[in-house]
2 protein chains.
Amino acid sequence: MEKVTIATVADRAGVSRQTVSNVINSPDMVREETRERVRAAIEELGYRVNQAARQMRTGRSRLIAVRIEPVSDGIKGSVLDRFLHGLTDAAALKGYRVMLYTAADDADEIATYDNLLSAYELDAFVLTSTHHGDPRTSWLAERQVPFVTFGRPWGAPDTHAWVDVDNAAGTRAATEHLLANGHRRIGFLGWPAGSGVGDARRAGWRETLDAAGADGPDAAVIDGVEAGATAAAELLTEPEPPTALVCASDSLALGAMRMLRTVVGFDDTAVARAVGLTSVSQPLPEAAARCMDLLVELLDGRAPETPARLLLTPSLVLRQTA
Amino acid sequence: MEKVTIATVADRAGVSRQTVSNVINSPDMVREETRERVRAAIEELGYRVNQAARQMRTGRSRLIAVRIEPVSDGIKGSVLDRFLHGLTDAAALKGYRVMLYTAADDADEIATYDNLLSAYELDAFVLTSTHHGDPRTSWLAERQVPFVTFGRPWGAPDTHAWVDVDNAAGTRAATEHLLANGHRRIGFLGWPAGSGVGDARRAGWRETLDAAGADGPDAAVIDGVEAGATAAAELLTEPEPPTALVCASDSLALGAMRMLRTVVGFDDTAVARAVGLTSVSQPLPEAAARCMDLLVELLDGRAPETPARLLLTPSLVLRQTA
DNA sequence: CGGCAGGATTGGATCGTTCAAATCGCACTG
DNA sequence: CAGTGCGATTTGAACGATCCAATCCTGCCG
């Protein structure tokens, strides 16, 4: 099979290279009749734009980079994987591709940015797992590299576009569901204060109880199944023990299930599905699609001057445990 | 910051562009003294090869594509994600990057190959989840696209390089472990015959029992936690019930755990870790690294004429259930 | 019927790298 | 000392797309 370049198409359609280029990049500049003729030639020859050549001229690669994390703690890993899948789909729809990289820590990640940017001229980055004092966003912002974060800029002024899930709304929905089912003492099993996500999940539970004039005990432990079981056992020894528990993660919930029937987890991981645990599910495909939307706006230079912020609402997936 | 090209470096080092290129691509062609001078200039200027320009000339993009699968059944999804992480690491080490794509089915995937190859001129593909009558490998082979599969070519003649995990060795290790612990009747919970992986897992168990002169019942069900529980319950009603079960997946094992203390799963997923299930673990980072090794051999044109086949041995991760 | 405005189309230059071939420099030989 | 050989280095062209400026139509107006 011969190599098909823009010149081949031009010959076939009886026009110049530039006209073919125009048909592809700014169709309305070309007269309709010509446009159709060129399109037919493209179709016939199976022509596809050579990205490398285009990139060399325009400086844009139509490639965006995302970090893939090690499945460190295992149970919650799948959240990012599902996000990644959604992002790959959303990117493809808009003519972009996703490239992966790994990094041991923030500093390593920044070094990788430098590499990727100069070698591959990546168009943009999608950052996940934002956290307090994140050095990555300022590095990228300083160099004017387009990026979007999945996760709000904790603690920092939000000077960039982001998409996040409303964690508090998730535990709020869980708590409301339990209240509706007649529970009056509903406990919470969460992480130690300080992590933005964890604090938000706790707050959603607390607010809802307060609003309903109900109450329940609260425990803060390092995430893990055993920790969940131990903490749940302890909450149940209280003078007025809870009849249901809202948990900040499926791991904690899984542990708690050993002590108590009515439990709600968070993140709707594979584990939850496997054991029939009711859990709060993040709309990951949608989050990914919104990230791409924002990115494309940024790349096309039609982003609003105040960076976009998007807060998505999670949903409660009902199973056996609540 | 100015754009640093190969010409900038050449000026600084007082040599020609080509010499700089040689220092990068075939260092031993350049005199040592010159080489060092050029290296210093590269360092000083922070020069990095522009991949787009290089690709345009050489036709090689240093990009490898892998399909990311939807977390369809959830529980086993993480196997591929862990493989992906390993692959990204291994690729980076060899100067390659991993690009993702999604596809609904084999036909869709083949269409994507066509796209990716002509638009991005991908260097190679890594295929996962090979199966009987897989149309993807022949498509790629016909077009002489370099690729490696993670998973052997089931049923087909193996005309391409592949890496796989010795599934039978996994269940063999599990069964031997149970025998060593005094169990004499050991059952197997697996999938219906026909899937290469499932059959191999069953065979490993059967062989080991036969060799030891022991025996045990066998059940074949569609994967799932509930299915595992039901099937396990049934096996236990036999006249001579098993005292331990080897399972083809963690999902099945998780279900079986409800009926029986001693159970071994397969794939060492997050679920297994979470609930303390003993499970057979695939050496995924190693498998990924070997895939990259084979790919680089292929791409450098120094692959042996008989395609390489690598069978890796999984290991048994002992936890509470065995 | 010539001139003109405006959009459509064309040719040439360019992006940064590597390939292929030419040139340089130096030691060695007859 | 001219001639040869060989390794090191340089020069010019090319990859395939887009940008830019120049040219070509076409219809319309005076």
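Letters go in sequence order (proteins before strands), and every chain restarts at 1.
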Rounding to a whole Å, what distance do you find between [X]:[atom1] and [N]:[atom2]?
X	N	atom1	atom2	value
A/R17	C/dT10	CZ	P	10 Å
A/I6	C/dT14	CD1	P	19 Å
A/Y120	C/dG16	OH	C1'	16 Å
B/R60	C/dC19	CZ	P	10 Å

**Message:** Check whether A/R37 reaches the backbone of A/A13 with its side chain - one donor and one acceptor, N or O, closer than 3.5 Å.
**Reply:** yes
**Request:** Would you confirm whether A/N22, through its side chain, and A/V30, through its main-chain N or O, come within 3.5 Å as a donor-acceptor pair?
**Result:** no
Is [X] salt-bridged to [Y], going by a charged N under 4.0 Å from an acidic O?
X	Y	answer
A/E43	A/R39	no
B/K94	B/D293	yes
A/D114	B/R48	yes

**Request:** Taking only heavy atoms on the protein side, list every residue of residues 35-55 of chain A lying under 4.0 Å from any atom of DNA chain C, sorted numerically.
**Result:** none
**Message:** Within this structure, what is the CE-CG distance for the pair B/M292 and B/L93, rounded to the nearest 0.5 Å?
**Reply:** 9.0 Å
**Asked** How many angstroms lie between CG in A/D106 and NE2 in A/H131, if you round to the nearest 0.5 Å?
**Response** 3.5 Å
**Prompt:** Given B/L299 and B/R60, is the side chain to side chain contact (heavy atoms under 4.5 Å, CB included) satisfied, shown in steps?
**Reply:** CA-CA 9 Å; B/L299 291 170; B/R60 292 183 48 177; 3.7 Å; yes
**Prompt:** Taking five pairs at each end of the helix from C/dC1-D/dG30 to C/dG30-D/dC1, what angle separates the two helix axes (nearest 10°)?
**Reply:** 70°
**C/dT17 base / B/R57 side chain donor-acceptor hit below 3.5 Å** = no
**Request:** Check DNA chain D against residues 18-34 of chain A and give the residues with a non-hydrogen atom under 4.0 Å, in numerical order.
**Result:** A/Q18, A/S21, A/N25
**Asked** Base, sugar-phosphate alone, or nothing: which one does A/T58 contact when heavy atoms must sit under 4.0 Å apart?
**Response** sugar-phosphate
**Prompt:** Is there a side-chain contact between A/R143 and A/L117, using heavy atoms and a 4.5 Å cut-off?
**Reply:** no
**Prompt:** Using a cut-off of less than 4.0 Å, is there contact between a side-chain N or O of A/T5 and OP1 or OP2 of D/dG16?
**Reply:** no
**Request:** Would you please classify the geometry between the A/W139 ring and the A/Y113 ring as parallel, tilted or perpendicular, with 30° and 60° separating the classes?
**Result:** tilted
**Donor-acceptor pair between B/E109 and B/Y101 side chains, under 3.5 angstrom** = yes
